[in-house]
Engineer: 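Before we start, here is the structure in question, set down as structure tokens.
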Amino acid sequence: MLSEFDLIARYFTRPARPGGAVLLGVGDDCALLAPPPGETLAISTDMLVEGRHFFAGADPEALGHKALAVNLSDLAAMGARPLGFTLALALPAADATWLEAFSRGLLALADEHGIELVGGDTTRGPLNICITVFGSVPGGRSLRRDGAAAGDEVWVSGTLGDARLALEALLQNERLPADMLQAAAPRLHRPTPRIALGLALRGIASAAIDVSDGLLGDLGHILERSALGAVIDADALPFGAVLASQAPELKREFALNGGDDYELCFTAPPALRASVEAAAAAAGVTVTCIGRITQQAGLHVTDGSGHALAPASRSFDHFASP
Ligand code: ADP
Ligand code: MG
């Protein structure tokens, strides 16, 4: 049986990279991080709970990836550069096969972004994965939710809705042929945090958020913080490759209210359209203009010819009454 300390040493401790932001990693009472001079720390925490955020028995390698990806997505939405992260892990048992696969998925994504696991806590309990990410951003250049202005265009990266489609198919609420489920499932299980896009949008986007709970709900947070409204053109939405072949109402619903997309929704002045497109090209991701910020409060959805549609915003809320 692995002891707590063997487990940490075997699966969660690696030699520190020289020259990085991490002065001291796993093994002391605290990690020591040095953000670049003049930059501000950006910090975010996200927890994944078995049975709530993922199915019992979920693939541990994908879980490791997703647990870090959803946290990095928050740094992306702030325009922050990742420095490192901590991992607080509750495990029912020290299962070597599970731990090996989980740490492989986790650390592979960390390597993609050149960041270190700098510490954490490990305890026995129902499976629960809590990661805190640390990033840095030059003061005043972070992409906050409260910066949108009337007349700004609303943009979204990548595509929307395939993660929700895969989830509903796995829950057997939607019927999807096996090959299509297989094509959509990576959007649910292995989201791609848009770090490069967030960095490229510094000084261009006026506000940003990552789409974790559904486009309308998340855009609603920008509108609330910026005290403005928006009109969204449902016919401009970039549908996921698999969702694109589904019925029109389903496409619209999952793209607007799907959740688990981990794309960036951001606003920018129309005069900066070319800069937005250049930033996206440099980051290697598509972006689509889907609407406009209005002085008048409220979030309205129209079709391509401007006729009002009425999809309610149903952003996910863990404590909403059923
Ligand atoms: P303390 O009692 O001081 O909190 P612990 O015994 O909990 O320390 O942890 C020992 C070291 O291992 C610390 O540096 C801690 O950050 C690190 N650590 C514990 N659990 C994890 C984990 N799951 N991943 C990475 N580092 C961990
Ligand atoms: Mg501890």
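Order of listing sets the numbers, starting from 1, for every ligand and every atom in it. Throughout, numbering of the chain's residues begins at 1 and tracks the sequence. Here the structure is a predicted model, which is why all the values come from computation and not from measurement.
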Engineer: List ligand 1 atoms under 4.0 Å from F12, heavy atoms only on the residue side.
Structural biologist: 23 (N), 24 (N), 25 (C)

Engineer: For ligand 1, does I8 get within less than 4.0 Å through its side chain, its backbone, both, or neither, judged by non-hydrogen atoms?
Structural biologist: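 The side chain, only.
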
Engineer: Do you know which of I232, V156, L256 makes side chain to side chain contact (heavy atoms under 4.5 Å, CB included) with L219?
Structural biologist: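 Testing L219 for a side chain to side chain contact (heavy atoms under 4.5 Å, CB included) against I232, V156, L256 leaves exactly one candidate, I232.
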
Engineer: Within less than 4.0 angstrom of ligand 1, does Y11 place any heavy atom?
Structural biologist: no

Engineer: Taking NZ, NE, NH1 and NH2 as the nitrogens, is one of them in E39 or R141 under 4.0 Å from a carboxylate oxygen of the other?
Structural biologist: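 No, this pair does not count.
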
Engineer: Does a side-chain N-to-carboxylate-O contact under 4.0 Å join D111 and R14?
Structural biologist: yes

Engineer: Could you give the distance from CG (L83) to CD (E116), rounded to the nearest 0.5 Å?
Structural biologist: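 If I round to the nearest 0.5 Å, the distance is 11.5 Å.
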
Engineer: Quick one: which ligand 1 atoms are inside 4.0 Å of a heavy atom on F5?
Structural biologist: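 Checking each atom against F5, I get 6 (O).
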
Engineer: Test I131 against every option in L68, V70, L72 by the side chain to side chain contact (heavy atoms under 4.5 Å, CB included) rule and name the one that passes.
Structural biologist: L68

Engineer: With only distance considered, is V118 within less than 3.5 Å of ligand 1 through an N or O on each side?
Structural biologist: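 So ligand 1 has no N or O lying under 3.5 Å from an N or O of V118.
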
Engineer: Might you point out which heavy atoms bring A183 and P186 nearest each other, and give the distance in Å?
Structural biologist: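 Heavy atoms only, the tightest pair is O-CD, 3.4 Å.
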
Engineer: Name the option, out of L99, T13, I131, D121, that contains the heavy atom nearest to atom 7 (O) of ligand 1.
Structural biologist: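 Minimum heavy-atom distance to atom 7 (O) of ligand 1 goes to D121.
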
Engineer: With heavy-atom distances below 4.0 Å as the criterion, list the atoms of ligand 1 near T122.
Structural biologist: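 Selected atoms, number and element: 19 (C), 20 (N), 21 (C), 22 (C), 23 (N).
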
Engineer: Would you check whether G27 has a nitrogen or oxygen atom less than 3.5 angstrom from a nitrogen or oxygen atom of ligand 1?
Structural biologist: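 Yes, since at least one N or O of G27 sits under 3.5 Å from an N or O of ligand 1.
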
Engineer: Could you tell me if S226 and D146 have a donor-acceptor pair between their side chains, going purely by distance under 3.5 Å?
Structural biologist: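 The answer is no; no qualifying pair exists.
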
Engineer: Considering the heavy atoms of D29, write down every atom of ligand 1 situated less than 4.0 Å from one of them.
Structural biologist: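 Those atoms are 3 (O).
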
Engineer: Heavy atoms only: which of D28, L91, T123 is nearest to atom 13 (C) of ligand 1?
Structural biologist: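 Shortest heavy-atom distance from atom 13 (C) of ligand 1: D28.
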
